[in-house]
Protein chains: 2
Amino acid sequence: MGDRPNGSANGSGARSRLVAAATAAFAERGYHATTTRDIAARAGMSPAALYVHHSSKEELLFLISREGHHAALRVIREASPDDAEPFARLHATVRAFTLWHAEHHTAARVVQYEGAALSEEHRREIVQVRREIDRHMRDVIIAGVDQGVFAVPDVPGTTLALLSLAVDLARWYRDDGRRSAESVADLYADLAVRMVRADGQPVAPSVDSSKINC
Amino acid sequence: MGDRPNGSANGSGARSRLVAAATAAFAERGYHATTTRDIAARAGMSPAALYVHHSSKEELLFLISREGHHAALRVIREASPDDAEPFARLHATVRAFTLWHAEHHTAARVVQYEGAALSEEHRREIVQVRREIDRHMRDVIIAGVDQGVFAVPDVPGTTLALLSLAVDLARWYRDDGRRSAESVADLYADLAVRMVRADGQPVAPSVDSSKINC
DNA sequence: GTCTATAAGATGATAGAC
DNA sequence: GTCTATCATCTTATAGAC
């Protein structure tokens, strides 16, 4: 823990402050529209100070992207124990993935939309994590299909759709919007269950379909 | 028709060639990472020639964004006649919107992800069209709810989800990928029907859902 | 309408004082 | 570790010849 003046788990050091500043700037304006001067200023430093803590602007992007991808993978793994009942497991997985994108929509925006600016080497590392996220979601669906309780004609396509719903949150979600992170997560988890249920399957114990509002 | 050397419906003039070049460049690298030199070179011109036909790089973005938004609105309106049966109407609307995003994924990417780079005035104009797209999709859902054949607890949220599915195509769809535009459109139209159907409603929809009582 | 040349300013990153 | 000053390059856009 004493390798650096501030441990990497400590968010108060200059290094972490720069990562936070870069996250805010990249999310707000995009990687290419963000200048190193902008990042340094948000962190309360001169432009040169950035390079004492990080080797380049791209390295900052990589750190944000890597941490965000690992966090997203972590939350869906923790929400999806192998022995859970398929509907509950799908519900929990989609809910957790959506909730992460809503609550961390600033980081999520960088994670989902700025990957093209990564170096070739860094992108390869990120793609591995993305594949694991995709595989996990697909496995959750496959478990329900194998147990005969999901009716899913196109498993990879439905996987893609469920991931897309949450990913797109990074584009439109706002802290000052009308929807809470929890309410969107509940909604998308409900929609996920609706997507996979067979014809006679009720949508969920918690949802009263007679309460129709606009 | 003779106001300009090349009418605006003609895609062969220098002006249209620059719009096409800018669309490809913005989609591939993003607005801010694209230089006016890139655009001019793709159109086979010198950097200065761009300014003979367009007043700025931002104007090119606006032309692409405006045309794309109007095209997307047009396709869903044409797919959604007011008197159609609700399930068929929803299916056709989601199918058309998804198909447009897949077949025009290059323009769609600019339309959906580069709006932040528009000038304040241009953004206001684009936002109006986006509101009309949202309203149209919502109205298609409301029609099914009002007729008692859809069971939708959260209409604005479900509207958002359906739009999100297609929008996110602009992020991941590739011409050389495994899925055809039609197959994704069919899949998402099917998922849309699954999202709104009541517990006893079969997935395969079409003409015979007028017997559901509510 | 197209070109070459260039203005005017911004940008990522570095040098060297403290 | 932070600063000021600066380099080398790139960027949008314009000027003026043809």
Side-chain angles (χ1 to χ4, degrees), chain A residues 2-8 10-26 28-65 110 114 116-122, chain B residues 2-8 10-23 25-26 28-64 110 114 116-122:
Chain A
D3 292 303
R4 263 198 305 270
N6 288 289
S8 55
N10 184 341
S12 65
R15 187 177 156 87
S16 297
R17 241 172 43 238
L18 283 161
V19 172
T23 303
F26 293 163
E28 197 175 307
R29 320 226 309 121
Y31 177 80
H32 290 290
T34 298
T35 68
T36 53
R37 283 165 175 78
D38 189 10
I39 298 167
R42 281 180 195 248
M45 298 174 205
S46 73
L50 187 153
Y51 294 92
V52 174
H53 303 282
H54 299 282
S55 64
S56 70
K57 180 179 152 185
E58 191 272 343
E59 192 209 66
L60 276 164
L61 175 64
F62 174 61
L63 292 175
I64 297 162
S65 188
V110 182
E114 303 297 335
L118 288 168
S119 72
E120 197 55 48
E121 187 186 351
H122 285 161
Chain B
D3 292 305
R4 263 197 306 269
N6 288 289
S8 55
N10 184 341
S12 64
R15 186 177 157 88
S16 297
R17 244 174 38 241
L18 283 162
V19 172
T23 303
F26 292 162
E28 197 174 306
R29 320 225 309 119
Y31 176 81
H32 289 290
T34 299
T35 68
T36 53
R37 281 168 173 76
D38 280 347
I39 298 167
R42 280 181 196 246
M45 300 174 204
S46 72
L50 187 153
Y51 294 92
V52 174
H53 303 283
H54 298 282
S55 65
S56 70
K57 181 178 151 185
E58 192 272 342
E59 193 210 65
L60 277 165
L61 175 64
F62 174 61
L63 292 175
I64 297 162
V110 182
E114 303 297 337
L118 289 167
S119 71
E120 198 54 49
E121 187 186 353
H122 285 161

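The figures here come from the full heavy-atom set of this structure, side chains too, leaving out hydrogens, waters and symmetry mates. Because the structure is predicted, anything quoted here is derived from the model rather than measured. Naming convention: chains lettered A, B, ... in sequence-line order (proteins, then strands); numbering from 1 in each chain.
Remark: C1' of D:dC10 and CZ of B:Arg29 are 13 Å apart, rounded to the nearest angstrom. Rounded to an integer number of Å, the gap from CE of A:Met45 to P of D:dC3 is 8 Å. Atom pair A:Arg37:CZ and D:dC7:P shows a separation of 13 Å (rounding to whole Å applied). Taking atom NE2 on A:His32 and atom C1' on D:dT11, their separation rounds to 14 Å, with Å as the unit. Computed from coordinates, the A:Leu18 CG to D:dT2 C1' distance equals 12 Å when rounded to whole Å. To the nearest angstrom, C1' of D:dT2 lies 18 Å from CD1 of A:Ile39. Computed from coordinates, the A:Phe26 CZ to C:dG12 C1' distance equals 12 Å when rounded to whole Å.
Of the possible polar contacts, one joining the A:His54 side chain to the A:Arg15 backbone as a donor-acceptor pair under 3.5 Å is found.
Proximity of B:Leu18 to B:Met45: side-chain heavy atoms (C-beta onward) are separated by under 4.5 Å at one or more points. Counting heavy atoms from C-beta on, the side chains of B:Phe62 and B:Lys57 never come closer than 4.5 Å.
The environment of CZ in A:Arg29 is sparse: at most 12 heavy-atom neighbours from other residues, nucleotides or ligands sit within 6.0 Å.
Of the residues in residues 46-61 of chain B, those with a non-hydrogen atom less than 4.0 angstrom from any atom of DNA chain C are B:Ser46, B:Ala48, B:Ala49, B:Val52, B:His53.
Smallest separation of non-hydrogen atoms from B:Leu50 and B:Thr36: CD1-O, 3.8 Å.
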